[in-house]
Amino acid sequence: MIDIKKLRDNFEETAKALARRGVGPEKPAAARDLDARRRALLGETENLKAKRNAASKQIGIVAKQGGDIAAAKEEMRKVGDRIAEIDRELATVEHDLRETLLMIPNLPAPEIPDGLDSSGNKVVRTVGEWKDPSYRIMDHIEVGEKLGIFDFPRGVKLTGTGFPVILGQGAKLQRALIQYMLDVHCRTQGYTEMLPPFVVNSDSMTGTGQLPKFAEDLYHCQIDDFWLIPTAEVPVTNFYRDDILQAKDLPVKLTAYTPCFRREAGSAGKMTRGMLRVHQFDKVEMVNFVHPDTSFDQLETLVGEAEAILKGLGLCYRVLMLCAGDMGFSAAKCYDLELWAPAEKQWLEVSSCSCFTDYQARRLNCRFKDTDGKTKLVHTLNGSGVALPRLMVAMLEQHQLEDGSIEIPEVLRPYMNGQERLTSDGQA
RNA sequence: GGAAGGUUGGCGGAGUGGUUGAACGCGGCGGUCUUGAAAACCGUUGACUCGAAAGGGUCCGGGGGUUCGAAUCCCUCACCUUCCGCCA
């Protein structure tokens, strides 16, 4: 949620910033009006409550002395009725205000480019030069079949489309990648590893904003009212929901490997080939809780931390700064990392690194006690470090040799018993 | 799944329907003392919200009710603990 005080005090400025994201002036105006109504009602009911509290105290004293309290009780009963009436209206107004605020996205950082869709995104840098080799590169499905590392039809048999089975050397490679990524984050970047629940309750889904708006993208266990996580961001960020951290403990940096479950409602037909868009996939995620003064600097650090993974694997990728209209709802600033897939001839998004400023923290009610003794909202950031299926795809293509085998990057070999290649006979 | 008990401030733990935002202890912070530290002693120490301020309001698991007034009574939901059953 955005700060209602900011909206109230700098209405024009706020509305202008929101307009960059394609939000019309109606929503902020509605929020402003509801806020004004709310404060008027609040003042009214609180005055009456102060009156009642004082009178009730007096009634108690008089009653003890055996005095007559019937008239005072009758009067206060009427006051009580009036309070109930106002409180009912107040509850409605507050509910509407919250609903309205939840529909307003975060304010974009000033420096991010204009634009309402992906065409407005800016390439910040491209790292690693890709040169097409003399031989034809097989796409991941073709080479995967030769190597025997994917079984899509049996995934369909077990569950349905979008639930691939990864086999043999492929499974081993994936496990190696997970361990490599976690080790880089923990050993060299100051992260604490977490293994959270993969299923969460509705409060957690609401805390990070998946609910109520995106329920149809989630898998739901109705009997228990539990939800399968679409990203580790949900359990890891909610870890500090309703908590107050200490300034000296910031930044808190957590990383977690989890599977991710996404219904991808409405995406049927888009990029559905092979591993490119699936309902269940693995991902390593990084989440930061930081001091507000440092959040945008931390975002640059976070991007670097995700990039370190790709660099270590010797992959060609690019960094995009998303434009105002293409960012996720809660982000103030966001970078995407995209790997080049030479057989697909397209860039594949494997990481999205976002700074949410206080937007997510307000909803989570996650605060910290600053050195001045005041309790303030933290700033949160997260980024993938990184998503596995598309990483696998890019590796299978970028590291593919002429004979169709795949060169395993040096950094992964310790996790694969020294194996140097994926080959069709399964031998190194 | 069955039975019983519980849910109070950072933690432990009191609490009579009426100056109880909440005793007491621990912890935290500030101070006295000390060469320094410890101990001892003194003081202080929750969050949210409305307000320019003065000041007000709300919060004792969540929601609802009774009452002039609820941490305290009633209903309901959630969670936790223990015992029994089942089980990786």
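Lettering follows sequence order; numbering is per chain, from 1.
If you take atom C1' in U66(B) and the same atom in U72(B), they sit 13 Å apart, rounded to whole Å. Rounded to the nearest Å, the gap between the P atom of A23(B) and that of G6(B) is 23 Å. When the C1' atom is used for both U20(B) and G9(B), the distance is 13 Å, rounded to whole Å. Rounded to whole Å, the C1' atom of G27(B) lies 7 Å from the corresponding atom of C11(B). Annotation: C73(B) and C79(B) have their C1' atoms spaced 23 Å apart (nearest Å). Rounded to the nearest Å, the gap between the C1' atom of A14(B) and that of C24(B) is 7 Å. To the nearest whole angstrom, the two P atoms, one in G13(B) and one in U82(B), are 15 Å apart. Across G65(B) and G10(B), the matching P atoms stand 28 Å from one another, rounded to whole Å.
In a base pair of the Watson-Crick type (N1 to N3 plus N6-O4 or O6-N4) or a G-U wobble (N1-O2 and O6-N3), with each distance short of 3.5 Å, G1(B) is matched with C84(B).
Within the 4.0 angstrom heavy-atom criterion, no nucleotide atom of any strand lies near Arg88(A). Residue contacts shown for Ile59(A) include a base, since a base heavy atom lies under 4.0 Å away. Residue-level contact check: Lys51(A) touches neither bases nor backbone, having no heavy atom under 4.0 Å from any strand. Within the nucleic acid shown, Lys369(A) comes within 4.0 Å of sugar-phosphate atoms alone, with no base atom in reach, counting heavy atoms only. Among the heavy atoms of the strands lying under 4.0 Å from Ala50(A) are primed sugar atoms or P, OP1, OP2 only; no base atom is included. Contacts of Asn53(A) with the nucleic acid, taken as non-hydrogen atoms under 4.0 Å apart, involve only primed sugar atoms and P, OP1 or OP2.
With distances taken from any side-chain atom of Lys49(A) to the nucleotides C50(B), G57(B), U19(B), the minimum falls on G57(B). Of the listed nucleotides (G51(B), G57(B), C48(B)), C48(B) has the atom at the smallest distance from the side chain of Thr375(A). Of all nucleotides listed (A47(B), C50(B), G57(B)), A47(B) comes nearest to the side chain of Ile244(A).
OP1 or OP2 of C48(B) has at least one side-chain nitrogen or oxygen of Arg367(A) nearer than 4.0 Å.
Atom pair Asp242(A):CG and C79(B):C1' shows a separation of 15 Å (rounding to whole Å applied). Taking atom NZ on Lys374(A) and atom C1' on G46(B), their separation rounds to 17 Å, with Å as the unit. Leu90(A) has its CG atom 15 Å from the P atom of U49(B), to the nearest Å.
Asn106(A) and Thr357(A) share a donor-acceptor pair across their side chains, judged by distance under 3.5 Å alone. The closest side-chain donor-acceptor pair between Asp203(A) and Thr206(A), if any, does not fall under 3.5 angstrom.
Between Phe198(A) and Tyr257(A), the ring-plane angle classifies as perpendicular under the 30° and 60° cut-offs.
When every heavy atom of Glu285(A) is checked against every heavy atom of Ala232(A), the shortest pair comes out as CB-CB, 3.7 Å.
The residue among Ala63(A) and Thr45(A) whose nearest nucleotide of RNA chain B lies closer to the 5′ end is Ala63(A). Summary of the strand contacts: Arg39(A) and Ser56(A) both lie near RNA chain B, and taking for each the nucleotide with the nearest heavy atom, the more 5' one is attributed to Ser56(A).
Within a 6.0 Å radius of CZ in Arg154(A), other residues, nucleotides and ligands contribute 12 heavy atoms or fewer.
Salt bridge status for Asp9(A) with Lys5(A): absent, with no side-chain N to carboxylate O gap under 4.0 Å.
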